[in-house]
J.: 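Dropping a structure here in structure tokens format, bear with me for questions.
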Amino acid sequence: MSAQESCLSLIKYFLFVFNLFFFVLGGLIFCFGTWILIDKTSFVSFVGVSFAPLQTWSKVLAVSGVFTMVLALLGCVGALKELRCLLGLYFGMLLLLFATQITLGILISTQRIRLERRVQELVLQTIHNYRTNPDEAAAEESWDYAQFQLRCCGWHSPRDWISARLLRGNESEEHSVPCSCYNSTATNDSSGFDKLFFSQISRVGPRAKLRQTADLCTLPAKAPIYREGCAQSLRKWLHNNLISIVGICLGVGLLELGFMTLSIFLCRNLDHVYNRLARYR
């Protein structure tokens, strides 16, 4: 066997093994996303907040798992069977995915200010119409989840909730904020949020107020809540995780470039192997 044939054989089995790994990984991601959709109650109680964000991410995981499995299957079969059509399709899908990622990166970097302004408008609109429109329940639950995870309240500050029509207090009653703003660390009560968020308990503590109507859980603005806005918390999170995010993006991009290079190299050199085998026959 010549050096070229040995190299092609090594590339073929390298592509097969790595794509087999990604096929199994895609299957696990798909099963996990499907499991969340089927076993909704357990995961909602485990996460401790709303179902809408969990449902969205479970669908994203399921779709991502299917796409990963299809792409890896093309690479496995194409490399093992040396089928140029599958290798070409595998290369094309990887190229399309890589181009999409590059385009998104350019759009985010060049349109960052416009994107931030648009996100701010959507968040403030969600706050203003909080629990007044049933069609916006998913967005409202997602924002509650974001406040809980980022440990923040409002976009700029908790004062943003003054504009919420349903939570706005009258002259004799101060305005309220959702229970997702509750700062459990301020009271050394790690279970406080669970007590406040779920509607089984009518009152927790001397200041907490729970409204059973439409499962609305609120707190007075003077209660122990997060005082930092989510815009600042999000900037801190991005700053603290910037190296990790850039590293992951570069790693994924280099991996895709490597697989594209190997697949197109194998695809273009199959003719030389076939011609050499034909001569021996």
J.: Apply side chain to side chain contact (heavy atoms under 4.5 Å, CB included) to residues Tyr226 and Leu150 and explain how you reach the verdict.
T.: CA-CA 10 Å; Tyr226 298 114; Leu150 293 174; over 6 Å; no
J.: Is it true that atom CZ of Phe30 has more than 12 heavy atoms of other residues, nucleotides or ligands lying nearer than 6.0 Å?
T.: no
J.: Hey, any chance Phe265 and Phe259 share a hydrophobic cluster, counting ILVMFWY side chains that come within less than 4.5 Å of each other, even indirectly?
T.: yes
J.: Does the distance from a Lys or Arg side-chain N to an Asp or Glu carboxylate O, for Glu116 and Arg112, drop under 4.0 Å?
T.: yes
J.: Indicate whether the side chain of Thr126 and that of Glu140 have a donor and an acceptor atom separated by less than 3.5 Å.
T.: no
J.: Would a single hydrophobic cluster contain both Leu257 and Leu87, if residues Ile, Leu, Val, Met, Phe, Trp and Tyr are joined by side-chain heavy-atom contacts under 4.5 Å?
T.: yes
J.: Go through the side-chain N and O atoms of Arg151 and Asn183 and say whether any donor and acceptor fall under 3.5 Å apart.
T.: no
J.: Should Leu86 and Leu80 be regarded as members of a common hydrophobic cluster, given that ILVMFWY residues are connected when their side-chain heavy atoms come within less than 4.5 Å of each other, either directly or indirectly?
T.: no
J.: Determine the minimum heavy-atom distance between Met260 and Phe91, stating which atoms define it.
T.: O-CD1, 3.5 Å
J.: Taking it one step at a time, do Val123 and Ile127 satisfy side chain to side chain contact (heavy atoms under 4.5 Å, CB included)?
T.: CA-CA 6 Å; Val123 170; Ile127 292 175; 4.0 Å; yes
J.: Could you tell me the separation between the CG atom of Leu20 and the SG atom of Cys76, rounded to the nearest 0.5 Å?
T.: 5.0 Å
J.: Check the surroundings of atom CD1 in Ile113: do more than 12 heavy atoms from other residues, nucleotides or ligands lie under 6.0 Å from it?
T.: no
J.: With under 30° as parallel and over 60° as perpendicular, where do the rings of Phe32 and Trp35 fit, or are they tilted in between?
T.: perpendicular
J.: Decide if atom CG of Leu250 counts as having more than 12 heavy atoms of other residues, nucleotides or ligands within a radius under 6.0 Å.
T.: yes
J.: Tell me every residue that passes ring pair (Phe, Tyr, Trp, His ring centres under 6.0 Å) with Tyr130, counting only those two or more places apart in sequence or in another chain.
T.: Trp161
J.: Looking at every heavy atom in both Glu82 and Lys12, which two are closest together, and how far apart are they?
T.: OE2-NZ, 3.2 Å
J.: Look up atom CD1 in Ile11 and atom OG1 in Thr261, then write down how far apart they are to the nearest 0.5 Å.
T.: 10.0 Å
J.: Does a side-chain heavy-atom distance below 4.5 Å link Phe23 with Asn19?
T.: no
J.: In the structure I gave you, are the side-chain heavy atoms of Pro158 and Ile225 within less than 4.5 Å of one another anywhere?
T.: yes
J.: Tell me, do Gln120 and His156 make a side-chain contact under 4.5 Å, heavy atoms counted?
T.: yes
J.: Under a 3.5 Å distance rule, please check whether Ser157 uses its side chain to pair with a backbone N or O of Cys153 as donor and acceptor.
T.: no
J.: Kindly give the heavy-atom pair with the smallest separation between Ala79 and Leu15, and that separation in Å.
T.: CB-CB, 3.8 Å
J.: Mind checking whether Val70 and Leu95 sit in one hydrophobic cluster, side chains of I, L, V, M, F, W, Y counted as touching below 4.5 Å?
T.: yes
J.: In this structure, is the centre-to-centre distance between the rings of Phe18 and Phe22 below 6.0 Å?
T.: no
J.: Please examine the side chains of Arg118 and Leu122, heavy atoms only from C-beta on, and report whether any two atoms are closer than 4.5 Å.
T.: yes
J.: Do Glu141 and Tyr145 come within less than 4.5 Å of each other through their side chains, counting heavy atoms only?
T.: no
J.: Is there less than 2.5 Å between the SG of Cys179 and that of Cys217?
T.: yes
J.: Check whether the side chains of Gln101 and Glu256 place a donor and an acceptor atom closer than 3.5 Å, and report yes or no.
T.: yes
J.: Do the non-hydrogen side-chain atoms of Leu25 and Thr68 ever get within less than 4.5 Å of each other?
T.: no
J.: Taking Asp144 for the side chain and Ser180 for the main chain, is one N or O donor matched with an acceptor at less than 3.5 Å?
T.: no
J.: What distance separates Leu74 CG from Cys85 SG, expressed to the nearest 0.5 Å?
T.: 9.5 Å
J.: Find the distance between CZ (Arg165) and CG (Asn129) and round it off to the nearest 0.5 Å.
T.: 4.5 Å
J.: Please confirm whether the backbone N or O of Ala164 pairs with a side-chain atom of His128, one donor and one acceptor, at under 3.5 Å?
T.: no
J.: Does one hydrophobic cluster hold both Met69 and Leu89, with members joined at side-chain heavy-atom distances below 4.5 Å?
T.: yes
J.: Let me see the working for Ser176 and Leu219 under side chain to side chain contact (heavy atoms under 4.5 Å, CB included), right down to the final yes or no.
T.: CA-CA 5 Å; Ser176 304; Leu219 281 169; over 6 Å; no
J.: Could you pull out the closest heavy-atom pair between Cys230 and Trp143, with the gap in Å?
T.: CB-CH2, 3.5 Å
J.: Looking only at heavy atoms, which two atoms of Leu94 and Leu71 are closest? And how far apart?
T.: CD2-CD2, 3.7 Å
J.: So Glu136 and Gln125, do their side chains get closer than 4.5 Å, heavy atoms only?
T.: no
J.: Determine, stepwise, if the pair Val177 / Thr218 fulfils side chain to side chain contact (heavy atoms under 4.5 Å, CB included).
T.: CA-CA 5 Å; Val177 296; Thr218 62; over 6 Å; no
J.: Are the sulfur (SG) atoms of Cys152 and Cys181 separated by under 2.5 Å?
T.: no
J.: Taking the side chain as every heavy atom from C-beta outward, state whether Leu238 and Ile245 have any atom pair closer than 4.5 Å.
T.: yes
